[in-house]
K.L.:
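Mind looking over this structure? Questions follow.
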Amino acid sequence: MSSESPEICFREQLLHWQESGTTLALPDIILAKGQSAGVMGPSGCGKSSWLRCLLGEAVGHVKLTGEFYVRDREISKLAIEDRNIGILLQDNPLFPHYSVRKNLAFALQKKNVSRAEQNQMIASQLALLGMADFIDRLPGQLSGGQRARIGLLRTVLAEPALVLLDEPFNALDSQRRQQVRDWTFAFLKQRGISSIIVSHQADDLTYVDQHVSWPEGVSE
Amino acid sequence: MIRQAMWVLGLVLTGGALLAPWWFAGQGLPMALPLTGTGFWDYPGIATVVGKTLLVGLLSSLLALACASLIMARDAVALNPARNDVGITFAAPHLAFAIAFLWLFTPYGWFDRLLPFSLPWFEQQSLVTLITILVIKETPFLVVMGRQQLGQLPYRQWLLQGQALGTAPDRSWWLVVFPAWLRAMRLILFAVAIYSVAVVDLAQVAGPLNPPLLAPLIVSWQLQFDAVSQSLAAQGTWLLIAFGVVMVVAFYLLERSLTKLIGWRIGSRVKPAVTRIAAAATHWFSFTARGIFVVVSCMALVALVALSLGRGWFYPQVLPQVWNFEHWLERSGDALTLATTTLGLALATATLATLMIVWLREWQRYRSYELADAWLLLALFVPQLSLVVAWLASDWSTFMSSTYISVLVAHVWFSFAYGYLVYAPAERAVTQIHLSVGRSLGYRYWHSWWWFKRPLLHSALAHCFMVTFLVSVAQYVPTLLLSAGRLPTLTTELVAVSSGGEWQLPALYATLLWLIAFSALMLTQITRKKRVLR
């Protein structure tokens, strides 16, 4: 692939259900740095399974085949930790028994920096979010919106090329949902991180650059 | 009105059965503290007794925790974790296993005859032998309980998140899941550590002599009726309680230190090669440990059967001169009586304990009030011997109408805590909505429980029944001391006949004991499988 190649390139994707033997042909997803794609579809159509396959998780009942390039690297055979893909799940995004500081430090291990530098980095990032005072709190002491923001910050601090968001705003009430959604897309765009979001709510996909329709028909 | 009365009646019966033993313990606990000047510390070899007892308690529990953690580490990251790998070792009664272990591995034992060299590690009665047997027996218990506790944590999600942040799954286990798992295992670890420091039957059979460990020493003092021995037993009881406290403090500090240490490692970079080597080492250890447990347990069972059937099996012969059932036929009368008593007690214990546990869980749900587990498991946090010695000095025997009832109550009381450990987490994970829907359809509370909630708890109920059954089968101290030897079971008789040089009779009793325990395990598995197939 050339130097101008896209950041993310998923092509000829086939999602195969092992038990029923059915196969779904999914549209190509090609994203430049910082671009986002939104996928909407009814519950139970396989969106979350597809995301987990992209992440590299072995999902028992489905199999995903195709070409999967992240920053020009074919990722199909790589382990989850080597794919350069982050994920934000809908609930419990943080490790509940570790403080905000430790949760964020978890994402910094690849950087090979001293503990003092790590602490400085964490403090400055939290200050940018206006959450500097929350550094030693446990996730259980944060509101749903605060947890969602720390969860995304942790994902982003690991510097992935792509972030997968699986119904990330479901646990929030409608007012908080809108705030966190606006902030999430702005945050990812500002950091130049591509993203794919799946949701069953059209509002969640307002800011995405590409809308991907989940196919209704089933092919062989 | 009648329904309310039923709840009150259940509360009185269950509450009474759980609280009365504490009242008797408080009444009978001898106020004879082992202070300086009381003569307790002048007992010959007491310093060695103290040192060895603490060493056995700490070392065996620590090693069992280390083994169980490594097995759990592999389990957690495996896609299809093993489930029944340690079942045979878990179900093996401690004492039966110990008898077989001694016959296989000690000098003049089977391996000593088979191999051209001697196995230098295991003496017939030594610290190393006792610690090894305790580790082999306690690790499967921790693994079985650990799997249940792990099932309550969203550990797969945590591992996935760890991986998505660039951490290999094996490292994610140690950094994220292990501290939470260790915290969830706290009460179970306390129970194991206290059991190890206060173990009587295994220590009598495989532990050191001259001087022995503290718990068997207290039993020997208790069984002598002179005033000096009784005073020593009373003071020893307090020392054993203090050792229990030492174990709790030690394991609490260990948990805190490990958690702190692991917390410090978060954010540190580790070379991928190191992670890979560590993962491979964990995998190798887990595989080997499981293999050792299964192989040693199978060998132990075969050895027991062979010992009970072989005649003229003199050193250094690898095989006996004759195989026959003569010994079984000669001893069938005694053995059958002992087996019947053991089985009867275990069935009655398991039934009563399971009913009490189910009732207590439902009462908490009904009242929307959750009792702290620590209160209900308190029986596991005090050395069993100290409690039984206290009961002997109280009105316990006056209150109980017969020896059988006295022993049965003690069995139910000690089994309750283990059963609760098994049943409560599973029950908590089941939604109450089905029961409520049943009631909305016009079913009464327990009718609805039976038809709508019980099927969801079938596996947990079977498991609870099996565990309480196994605990009863293994009871030695309460059976021996509360019945004053008038209600012999396979376990009490096995200890009694193991002190001699003869192997055949202990092997016969141990085989029977194992068969009873193994039948319970098999029945539980079959019942669970049938349920799944329906």
Side-chain angles (χ1 to χ4, degrees), chain A residues 51-52 54-60 78-119 121-122 136 139 151 153-166, chain B residues 75-81 149-150 152-186 255-276 278-280 283:
Chain A
L51 271 197
R52 284 174 180 258
L54 286 178
L55 183 70
E57 194 183 2
V59 181
L78 299 179
I80 300 174
E81 58 270 26
D82 298 325
R83 288 192 174 201
N84 217 4
I85 297 178
I87 192 162
L88 195 65
L89 301 161
Q90 57 176 290
D91 47 8
N92 297 322
L94 301 171
F95 304 132
H97 47 301
Y98 282 127
S99 65
V100 168
R101 183 201 302 274
K102 293 278 183 217
N103 262 285
L104 295 177
F106 216 93
L108 296 174
Q109 60 178 339
K110 276 186 180 169
K111 288 196 181 299
N112 205 13
V113 293
S114 69
R115 198 163 295 277
E117 285 172 297
Q118 242 179 40
N119 282 336
M121 210 179 282
I122 290 168
D136 287 318
L153 177 61
R154 188 182 66 175
T155 306
V156 165
L157 281 179
E159 297 181 348
L162 171 69
V163 171
L164 306 174
L165 300 111
D166 186 5
Chain B
D75 259 20
V77 300
L79 286 176
N80 297 307
Q149 296 300 324
L150 190 65
Q152 310 301 314
L153 302 172
Y155 74 99
R156 288 204 178 277
Q157 201 188 59
W158 291 349
L159 290 176
L160 189 69
Q161 287 178 9
Q163 279 181 280
L165 293 169
T167 309
D170 291 85
R171 190 165 147 79
S172 290
W173 154 263
W174 292 111
L175 290 182
V176 185
V177 186
F178 179 72
W181 177 77
L182 196 61
R183 169 72 184 80
M185 289 289 286
R186 183 186 285 172
E255 180 206 314
R256 301 291 301 168
S257 314
L258 279 176
T259 308
K260 199 101 183 152
L261 206 67
I262 290 166
W264 271 99
R265 298 296 303 158
I266 290 175
S268 313
R269 188 173 168 76
V270 175
K271 285 181 183 165
V274 175
T275 308
R276 274 199 299 276
H283 181 63

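Scope of the values below: all heavy atoms of this structure, side chains included, with no hydrogens, waters or symmetry mates. Chain A is the first sequence line, chain B the second, and so forth, proteins listed ahead of strands; every chain is numbered from 1.
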K.L.:
When heavy-atom pairs shorter than 4.5 Å are enumerated against chain A, which of B:V270, B:T259, B:I266 gives the highest number?
P.N.:
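Among the listed options, the one with the most contacts to chain A is B:I266.
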K.L.:
Using a cut-off of under 4.5 Å on heavy-atom pairs, state which of A:I80, A:L104, A:N84 scores highest against chain B.
P.N.:
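Highest number of pairs under 4.5 Å: A:I80.
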K.L.:
Can you tell me which of B:P272, B:P179, B:A164, B:G162 forms the most heavy-atom pairs within a distance under 4.5 Å of chain A?
P.N.:
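The residue among B:P272, B:P179, B:A164, B:G162 with the greatest pair count is B:A164.
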K.L.:
State whether the side chain of A:Q118 and the backbone N or O of B:G267 hold a donor-acceptor pair below 3.5 Å, judged by distance alone.
P.N.:
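Between the backbone of B:G267 and the side chain of A:Q118 there is a qualifying donor-acceptor contact (under 3.5 Å).
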K.L.:
For chain B, find which of A:Q109, A:R115, A:E159 contributes the most heavy-atom pairs closer than 4.5 angstrom.
P.N.:
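Top count of heavy-atom pairs under 4.5 Å with chain B: A:Q109.
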K.L.:
Assess, by modelled atom type and distance only, whether the side chains of B:Q163 and A:R83 contain a donor and an acceptor separated by less than 3.5 Å.
P.N.:
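There is no such pair (donor and acceptor under 3.5 Å, judged by atom type) between the side chains of B:Q163 and A:R83.
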K.L.:
By a 4.5 Å heavy-atom criterion (distance strictly below it), what part of A:Y98 contacts chain B: side chain, backbone, both, or neither?
P.N.:
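When you check distances to chain B, only side chain atoms of A:Y98 fall under 4.5 Å.
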K.L.:
Which answer fits A:A158, side chain, backbone, both or neither, if we ask what part of it has an atom under 4.5 Å from a heavy atom of chain B?
P.N.:
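Side chain only.
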K.L.:
Does a side-chain heavy-atom distance below 4.5 Å link B:Q161 with A:T155?
P.N.:
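No, too far: nothing below the 4.5 Å cut-off.
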K.L.:
If we ignore hydrogens and angles and just use 3.5 Å, is the side chain of A:H97 paired with the main-chain N or O of B:V176 as donor and acceptor?
P.N.:
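Yes, the answer is positive, given that a donor and an acceptor are paired below the 3.5 Å cut-off.
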K.L.:
Report the relative orientation of the aromatic rings in B:W158 and A:F95; use parallel for angles under 30°, tilted for 30 to 60°, perpendicular for over 60°.
P.N.:
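It falls in the perpendicular class, over 60°.
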K.L.:
Under 3.5 Å, is there a donor-acceptor pair between the side chain of A:K102 and the main chain of B:G263?
P.N.:
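Yes, the answer is positive, given that a donor and an acceptor are paired below the 3.5 Å cut-off.
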K.L.:
A:V113 vs B:R269, test: side-chain contact (heavy atoms from CB on, under 4.5 Å). Steps then yes/no.
P.N.:
CA-CA 8 Å; A:V113 293; B:R269 188 173 168 76; over 6 Å; no
K.L.:
Got A:E81 and B:R171 here, is their nearest side-chain heavy-atom distance under 4.5 Å?
P.N.:
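No, side chains not in contact.
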K.L.:
Measure distances from A:L55 to the heavy atoms of chain B and classify the residue's part below 4.5 Å as side chain, backbone, both or neither.
P.N.:
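Just the side chain, heavy atoms under 4.5 Å.
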